[in-house]
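Labels below follow one simple rule: chain letters A, B, ... track the order of the sequence lines, proteins then strands, and each chain is numbered from 1. What you see below is based on every heavy atom in this structure, not just the backbone, and it leaves out hydrogens, waters and symmetry mates. Note that the structure is a prediction, hence the values are computed from the model and not measured.
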Amino acid sequence: MTWLHTWAGLVFCWILYFMFVTGTLGYLDLEIDRWMEETPPSAGAAPLEQATNSAMNRLNSEAQGAERWMIFPPDGRESPNLGIFWSMPKVEGSDEPIQRGNEQLDSFTGEPIAEPRRDTGGGQVLYRMHYLLHYFPGQSGYRLVGLITILMFVGMITGIVVHKKIFREFFTFRPGKGQRSWLDAHNLFSVSSLPFQLMITYSGLIFTVGLWMPMIGLASYGFDTKMAANLANELIGEVKVERTGTPGPLMNPMELVPAAEAEWGPDEVSYFEILNPGDQDSRIVLHREAGILTRLGGRMVFDGATGEHLETMPPTKLPVLTFAIAMLGLHEGTFAGPFLRWLYVLSGILGTAMIATGAVHWTSKRRKKAEEGADSFGFRLVECLNIGTIVGLPVGIAAFFLANRILPVEMETRADWEIHIMFLTWLACLIYPAIRGRQHSWRDLSWLAAAAYAAVPVVNLATSEMHLGNTIADGDWVLAGFDLTCLATAAVFAGVAVYLSKDSRKSTREATIGAAEQIPLGSS
Amino acid sequence: MLVTLASLVTIAGVVLLGLAMRRHLEALLPKVSHSRGWAFACRLLAYPLLAIGLYLCIRAQGVGIGSTLFFGLFSAAHFIFAMLLPALPSPPASRRGRAT
């Protein structure tokens with residue numbers, strides 16, 4: 001069991017660390033987006049009627065002849081603006097893909113939201129990295145992440161068995177005791193965030209269930225690309241309506257809201273879907289606010305021309321689907337307000353620290369043997385990967401933020417280069433320990449991380465109007481929070497670097513004393 | 001308000017769980033001697049407090065978010081308390097015992 005825990009944990013721990021770091025940042029993806037795009041605060045949410053009318057005007061002017069319109073009124077952090085989407089009918093006999101479009105609108109004026117000042121991958125690219133990795137062709141990154149998730153789950157279950165003292169030594173952390181301290185820290189981080197780790201890994205497995213058990217779905221729903229759509233239609237239900245080609249009137253969806261609210265209660269309408277708008281046979285579907293975790297709401301279907309109520313579709317009652325969607329909801333945490341979101345971030349950091357301390361414990365346990373010459377290449381490799389990843393990846397992410405502010409705004413491939421710079425910086429940090437040696441590398445890279453994160457708000461001050469001086473004065477705590485978090489991160493790395501500097505001096509002194517003790521008395 | 005109360009109650013429950021253990025009791029309250037009765041009493045208080053914390057979280061935010069919030073609070077309280085303990089002065093060597 002110990003063997004399984006050690007190797008299931010170690011083999012991919014650096015990619016797992018990458019997944020945890022980028023996944024944790026994913027809980028702040030929209031906030032990172034705002035900072036990187038330099039988006040001003042949202043104008044706020046107009047009343048539902050005003051927003052819906054704005055959306056209908058825009059769709060009438062931009063998406064005539066569409067097969068489907070969708071209107072998403074503003075709804076908090078996830079969608080601060082009015083969103084519209086449309087898809088055109090498929091042209092018979094043509095291989096051209098279906099034309100689709102979407103826009104974000106100001107819910108008061110109906111005008112499209114201005115393009116971001118900076119072209120950037122933003123927080124979304126970091127978030128996507130945690131399950132797709134990067135530079136991996138096709139689905140290979142996703143498959144690798146699926147495999148690592150299984151190993152993580154194995155590592156966790158075996159870890160609970162192997163570290164059987166974790167509950168008896170529930171609060172135990174003994175710093176400054178070398179190998180024992182690393183094991184204490186590994187256990188402490190694990191047990192602190194155990195509910196989160198179990199949830200995040202198990203729900204991660206649910207995300208990749210189709211990857212590992214594809215035949216179940218394929219056998220029942222077909223081997224073509226429509227499999228997922230067929231499955232979803234059976235589970236959730238589909239509103240079917242044929243296009244006649246004869247023009248017809250279309251009601252304003254707001255006229256149907258009272259009927260829906262009479263059945264569901266006030267403020268329960270979430271968004272609108274209109275099928276065959278402007279056709280004689282059209283449908284307006286009102287979607288109900290979904291459960292916060294389960295994300296499944298019911299629907300009411302109306303005739304688009306007459307407003308006749310045709311059907312009420314309840315949310316699926318399939319327990320397995322409800323459970324799966326609830327687990328995915330827990331994983332993504334999109335329902336979380338600011339306080340709970342920070343608890344998610346803290347749990348993610350604890351998980352990241354659990355992986356890092358586990359990897360360092362592996363080397364601290366084997367250092368003496370390795371320094372005597374046994375298995376030294378493998379040991380040195382693990383040590384370089386540990387240092388270069390545990391500190392090097394955060395340095396790379398700081399470089400990503402700095403690149404966002406330093407690369408010219410008009411540069412065409414700047415979004416790609418932000419990411420290239422992040423990975424090149426990380427690569428340099430991976431190489432550095434091989435040249436500089438273990439003890440100095442931990443300290444040097446920690447200082448580098450502290451300097452890089454401290455530089456982010458400073459460079460922001462020099463390159464943007466949305467710096468701390470203005471954001472705090474304006475009360476824009478999302479953008480101010482980004483800069484302040486960078487400063488806090490810099491302080492943490494500086495603290496680590498100071499501690500390592502003291503530790504390094506102590507070790508050097510002890511080594512000198514040790515060497516002196518080896519010299520026979522009277523030899524000089 | 002309910003979330004603040006839930007946070008305080010959960011923190012109290014976590015601290016009491018810590019005080020039930022000899023090593024942490026000696027670090028936090030050096031004048032109190034550890035016994036099986038003390039550990040039992042601490043746990044007897046801690047578990048209902050944690051249950052009340054869970055109840056308050058659910059009351060404030062519903063079952064789904066409330067239970068998630070409670071586990072988040074518990075993790076944060078446990079982590080912060082455990083990291084603060086080593087900063088306290090160590091008990092005299094003669095009083096050190098194994099964690100129970």
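- Looking at A/Leu188, both its backbone and its side chain come within 4.5 Å of chain B, counting heavy atoms on both sides.
- Between the side chains of A/His130 and A/Thr22, no donor-acceptor pair of N or O atoms lies under 3.5 Å.
- Contacts between B/Leu85 and chain A at a heavy-atom distance below 4.5 Å involve the side chain alone, from C-beta outward.
- For the 3.5 Å distance criterion, the side chains of A/Ser192 and B/His78 qualify, holding a donor opposite an acceptor.
- Residue B/Phe79 touches chain A through both its backbone and its side chain, counting heavy-atom pairs closer than 4.5 Å.
- If you measure heavy-atom distances from A/Phe170 to chain B, the contacts under 4.5 Å come from both the backbone and the side chain.
- Within the 3.5 Å criterion, the main-chain N or O of A/Gly204 finds no donor-acceptor partner in the side chain of A/Thr149.
- Using a 4.5 Å cut-off between heavy atoms, B/Val3 touches chain A through its side chain atoms alone.
- Ranked by heavy-atom pairs under 4.5 Å with chain B, the list A/Leu350, A/Val191, A/Leu346 is led by A/Leu350.
- A donor-acceptor contact closer than 3.5 angstrom links the side chains of B/Arg23 and A/Thr172.
- Looking at A/His5, its side chain never comes within 3.5 Å of a backbone N or O of A/Ile160 through a donor-acceptor pair.
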